[in-house]
Every structure is written in structure tokens, then in C-alpha cells.
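The block underneath contains the structure these notes are about, expressed in C-alpha cells.
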Amino acid sequence: MLDQLVLPHRRTVAAAGGALVLAALGLGAPAHAASYGTPVITLSAGYLSGAVGATADPVVTVTVGQSGADVSALGVAASASSKSSVAATGDVTVTGTGATRQLRVAAHARGYTDLTIKVTGLGGKTATKSLHFAASAAVQNAADTRYLTGSSDASAAVDAGDGYVLVADDESNTLRLYDGSASGAPVRTWDVASKLGVSKEIDIEGAARVGNTVYWTGSLGNNKDGEYKADRNTVFTTTVSGSGAATQLTVGGSYKKLRDDLVAWDKTNGNRYGFAAGTADGEAPKQIDGFNIEGLEFAPGSTTTAYLGFRAPLVPPKEGGKALIVPVTNFDKVAGSGAKAVIGTPIELDLGGLSIRDIRKNSADQYLIVAGSWAADDNSDPYALYSWDGIAGHAPVKRLDLPTTDPGGWEAVVAVPDLNTAGARAQLITDAGSADLYGDGTEAKDLDHDEWKKSRATWFTING
């Protein structure tokens with residue numbers, strides 16, 4: 001009788017013990033008993049730009065999490081769009097399954113839309129962030145185009161190695177390092193104003209690299225209202241350390257009298273080029289007889305003589321005039337240590353009535369010249385790409401006409417390939433500061449958010 005009483009008791013104790021083990025393991029409990037926190041979502045940027053038909057638009061990094069849940073169980077997607085004709089929820093792609101994911105937007109039309117990005121966690125809990133998206137119109141050569149964001153006024157560029165490029169902006173004194181193979185924000189920036197002792201824009205328009213020294217020049221001209229601004233009369237150097245994504249810059253020497261030296265030289269030579277008149281009070285720089293420098297490169301085989309390429313004046317200052325190059329034979333010392341400029345024999349080039357917007361050479365002394373109007377700040381006049389051997393008296397050769405139906409004027413060439421190689425390509429960059437990128441009448445330089453400002457970098461085949 002005792003054994004019969006003990007056995008049921010043992011079964012009860014065992015059952016109770018098993019229930020405690022299951023509870024400790026979290027098994028057998030109702031699903032609603034699990035406790036999950038509210039999901040968290042952050043965006044690496046709240047503003048993003050894209051372009052219709054682009055193949056490599058900038059991306060936003062999305063970071064998500066939820067207490068009590070594995071991040072791989074969280075879903076991220078766009079849940080709403082304020083203007084689906086620009087980009088709908090289905091045009092938002094999110095890749096990755098971890099705590100950080102990559103978000104891309106495929107634009108359908110020019111304009112703006114606010115996208116709601118939602119993370120859906122366990123327990124039915126969600127959280128959202130807003131992404132303000134701006135889309136520019138489709139462009140020619142879309143597959144070979146990248147967008148350098150953070151500034152719309154690219155004005156000069158030099159190769160930094162491994163596909164990276166150093167870019168100057170004529171609306172600020174900030175130098176930017178970009179990955180030239182991808183659209184997006186600069187990898188690194190340097191504001192050189194304080195080191196150079198300037199408070200206003202230098203209006204950087206030209207650059208040239210010799211070894212680990214990059215030489216930069218302002219336009220040296222008056223501002224658009226015809227006023228002399230001393231900071232624009234600046235040339236300076238930076239020293240490069242590292243390369244590619246690891247590039248670093250240190251500001252070196254500078255000189256703030258090159259314009260004065262050029263005007264004095266021209267006066268001594270009978271005012272042949274009208275530099276004194278072009279720099280007079282009230283004279284705007286972008287006139288056919290104005291004074292404006294936009295190109296800088298060294299002469300063949302030289303590390304001391306630099307060519308200054310003029311946007312204005314044309315020579316003579318009339319339709320069909322030639323483009324002007326003025327050599328400075330001690331430019332390394334001018335920009336590097338503030339020596340007075342020694343001016344060489346000027347060179348006049350027939351660029352079909354166009355002037356110089358940039359000039360660049362390779363180690364074999366093969367030059368490319370970006371030619372454009374002395375007047376245009378956009379694409380309203382022709383642009384062309386010429387090759388040249390850098391020798392006075394030798395004629396440049398037109399390689400191709402550059403497209404002018406898209407926003408922005410062609411302003412810089414990054415590097416020169418071997419021009420004897422079939423299929424050789426060069427990357428050119430636009431200044432889009434005056435362009436209405438998004439169709440609302442706002443010039444790009446005046447946009448409220450740097451993420452929406454951008455210049456276009458496009459690869460062109462030089463030898464088909």
C-alpha cells in the first residue's frame with residue numbers, strides 16, 4: 001500500500017521539475033511572453049542625391065538593432081514616398097542582413113521626394129527614419145559617369161593614385177579627395193584658408209602635380225562684379241604624402257603677387273594682351289578681353305616652367321581668336337617660396353575660337369586641353385578636347401567634341417592616358433554650380449544641403 005502511494009508522488013515531483021527546466025530554457029512558454037525592445041534605426045545621411053538612369057549613385061548606410069532580437073531577423077524597407085513619380089518605395093533597395101546595410105535609390109524622374117525607411121523587428125515593433133532624396137535628370141554617357149557630392153563647383157583636379165582624385169572648388173577654399181570610380185562624398189577634406197591667411201575664396205581654377213608637390217592657382221581675375229579681391233591673387237603648394245585613399249595634404253608655400261607680375265610684364269611689352277585693362281576696376285573677368293586663368297601645367301620635361309592657361313582674353317579679343325598660354329619659368333619658386341615671377345615667351349593656340357578651361361599632361365609630355373568658351377559658366381557654348389605636344393608653334397589636334405546637353409561646364413581633366421593606345425580614356429569633371437539640377441530653379445551652389453550638391457565626372461574614350 002505504501003509503494004502505491006509513493007509512485008504517484010514521484011511522478012508529480014518529476015513533472016514539476018521538468019516544467020521548471022523548460023521554463024528556465026525559455027521553452028514551452030507562450031510566444032507573446034518574449035520581451036523585445038523598440039527597434040533602432042539610423043542613417044549615415046539624411047539627404048541623398050541620385051540621377052535618372054545612373055548606374056553608380058551614392059549610397060546610405062543604414063544601422064539597425066533591437067534588444068532581445070538577432071539583427072538578422074530585422075527587416076528594412078521603404079514604407080512611403082512623398083512623390084512616387086521621382087522614386088517609389090519599390091525603387092529603394094537595401095542589401096545586407098547585419099547591423100549595417102546599404103541603401104540605394106533608383107530615380108525615375110527629376111525632382112525631390114521624402115522616403116520613409118522602416119525597420120520591422122520582432123514582436124511586431126517598428127521604427128522609421130526620413131530620407132530626403134533629390135534626383136537630377138538623365139545624362140549622356142551615364143554608364144561612365146560618377147557624381148562627386150558635397151560640392152557642385154569642381155574647378156581643378158589632379159590624380160592621387162589608385163583611382164582617387166584631388167578636387168578643388170572655386171566657391172570655397174576646401175580641397176577634397178574622392179574615389180573617382182564611385183559616386184559619393186569625399187573621403188577626406190582640407191580647408192586651406194587659415195594656413196594661407198585668406199578669408200575669402202581664392203577661386204581655385206588650376207592645378208598641376210610634380211612628384212609629391214601639387215601647385216594650385218586662383219583665377220587671379222576680378223570677381224564677377226569687376227571688383228579686385230586680393231585672395232583671388234593667390235598661388236600655393238601642397239605636399240602629398242601617401243596615395244589613394246590614404247592621401248594626406250600639407251600646405252606649403254604661397255605667393256600673392258602673380259597677377260601684378262603678369263600685368264607689369266604685359267605693360268613692358270606694349271600691353272599686347274591688355275592685362276592692365278582686363279584687371280581694371282569694374283572689369284568682369286569672363287569677357288573676351290578680360291583676365292582669367294583656368295589652366296595650370298608644367299612645360300615638357302620641366303619641373304620649373306609652368307604654363308598658365310587663360311580663359312580670357314582671346315588673342316586677338318574677337319570671335320575666332322586664339323587661346324593664350326603664358327609660361328612662368330620659375331613657377332616652382334613663385335608658388336613654393338614667394339619669388340617674383342619670371343615670364344617666358346607666350347604661346348598662342350588655335351582651339352577653334354575656344355579658350356583654355358584646363359590643361360594636363362602625362363609623363364610622356366602628351367597634353368590634353370579642355371577647351372570652352374571664355375563666357376560660358378554652363379553648357380550653353382561648345383566644349384572640345386584637344387591633344388598637344390606642349391611645344392610652341394605646334395598645333396593642337398581636336399580629339400572630340402564634348403557633350404553640352406547636360407548640366408555643368410567641362411572644367412577639369414584628371415589625368416592623361418597614353419594617347420597612342422587604342423581605346424585610351426580620360427576622366428573629365430564638370431563645374432555644375434550654376435546648374436538647376438533638380439528642376440526647382442535653384443542653382444546647385446545655392447542648395448541647402450551639401451549632399452545634394454554634386455559635380456559630374458565622366459570617362460571619355462580618346463582613341464576610338
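The shown structure was predicted, so the numbers you read here are calculated from the model rather than taken from an experiment.
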Name each donor-acceptor pair under 3.5 Å that joins a side chain in residues 196-205 to protein atoms two or more places apart or in another chain, with its distance.
unit_1, atom_1, unit_2, atom_2, d
Glu201, OE2, Arg232, NH1, 3.2
Asp203, OD2, Ser219, OG, 2.6
Asp203, OD2, Arg232, NH2, 3.0

Side-chain polar contacts of residues 235-253 - donor-acceptor pairs under 3.5 angstrom, sequence neighbours left out - could you list them?
unit_1, atom_1, unit_2, atom_2, d
Thr237, OG1, Gly253, N, 3.0
Thr238, OG1, Trp216, NE1, 2.9
Thr247, OG1, Gly244, N, 3.2
Thr247, OG1, Gly244, O, 2.7

Can you give the donor-acceptor pairs under 3.5 Å from side chains of residues 320-334 to other protein atoms, not counting sequence neighbours?
unit_1, atom_1, unit_2, atom_2, d
Thr329, OG1, Val342, O, 3.3
Asn330, OD1, Val342, N, 2.9
Asn330, ND2, Lys340, O, 3.0

Side chains of residues 270-281: which donor-acceptor partners sit under 3.5 Å, not counting sequence neighbours?
unit_1, atom_1, unit_2, atom_2, d
Arg272, NH2, Glu348, OE2, 2.8
Tyr273, OH, Glu348, OE2, 2.9
Thr279, OG1, Phe275, O, 2.8
Thr279, OG1, Ala276, O, 3.2

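What you find for Ile117 and Ile41 is that their closest heavy atoms are O-CD1, 3.8 Å. Contact between Arg176 and Gly150 at its shortest, heavy atoms only, is NH2-O, 3.8 Å. The two residues Trp388 and Ile359 come nearest to each other via the heavy atoms CZ3-CD1, 4.1 Å. In plain terms, the two heavy atoms of Ala157 and Ala412 that are nearest each other are N-CB, 4.0 Å. Pairing each heavy atom of Thr303 with each of Phe298, the nearest pair is O-CE2, 3.5 Å. Considering every non-hydrogen atom in both Pro58 and Ser49, the closest pair reads CD-O, 3.4 Å.
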CA sep, side-chain torsions, deciding dist, call: Thr95, Gln102, side-chain contact (heavy atoms from CB on, under 4.5 Å)
CA-CA 5 Å; Thr95 56; Gln102 300 298 304; 3.6 Å; yes
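Distance check, rounded to the nearest 0.5 Å: OG of Ser183 to CG of Leu148 gives 7.5 Å. If you take NZ on Lys453 and CG on Asp153, they are separated by 7.5 Å, rounding to the nearest 0.5 Å. Atoms OH and CD1, from Tyr147 and Ile429 in turn, are 13.5 Å apart once rounded to the nearest 0.5 Å. For the atom pair CG of Leu48 and CG of Leu115, the computed distance is 8.5 Å after rounding to the nearest 0.5 Å. With rounding to the nearest 0.5 angstrom, the NZ atom of Lys398 is 10.0 Å from the CG atom of Asp350. Within the model, atoms CG of Leu354 and CG of Leu349 stand 12.0 Å from one another, a figure rounded to the nearest 0.5 Å.
In this structure Ala87 satisfies the side chain to side chain contact (heavy atoms under 4.5 Å, CB included) test together with Asp91, Val105, Thr113, Phe133, sequence neighbours excluded. Judged as a side-chain hydrogen bond (donor to acceptor under 3.5 Å, both in side chains), and not counting sequence neighbours, Arg188 has no contacts.
Ion pair Arg425/Asp144 flagged as a salt bridge, since at least one NZ, NE, NH1 or NH2 atom sits closer than 4.0 Å to an Asp/Glu carboxylate oxygen. For the pair Arg110 and Asp436, the salt-bridge criterion is met [side-chain N within less than 4.0 Å of a carboxylate O].
For the 3.5 Å distance criterion, the side chains of Glu171 and Ser151 fail to qualify, holding no donor opposite an acceptor. Between the side chains of Thr458 and Gln427, not a single donor N or O lies within less than 3.5 Å of an accepting N or O. At a cut-off of 3.5 Å, with distance as the only test, no side-chain donor of Thr145 or Arg456 sits close to an acceptor on the other residue. Tyr255 and Asp261 form a side-chain donor-acceptor contact under 3.5 Å, judged by distance and modelled atom types alone.
Considering only heavy atoms from C-beta on, Val210 comes within 4.5 Å of Tyr215 through its side chain. When side chains are defined from C-beta on, Phe291 counts as touching Leu262, because their heavy atoms get closer than 4.5 Å. Proximity of Pro403 to Asn141: side-chain heavy atoms (C-beta onward) are separated by under 4.5 Å at one or more points. Looking only at side-chain heavy atoms (C-beta outward), Arg146 and Thr55 come within less than 4.5 Å of each other.
The main-chain N or O of Gly390 is found under 3.5 Å from a side-chain atom of Tyr307 such that the two form a donor-acceptor pair. Remark: the backbone N or O of Gly50 is paired with a side-chain donor or acceptor of Lys454 at under 3.5 angstrom. When atom types are taken as modelled, the side chain of Arg311 and the backbone of Ile293 share no donor-acceptor pair closer than 3.5 angstrom.
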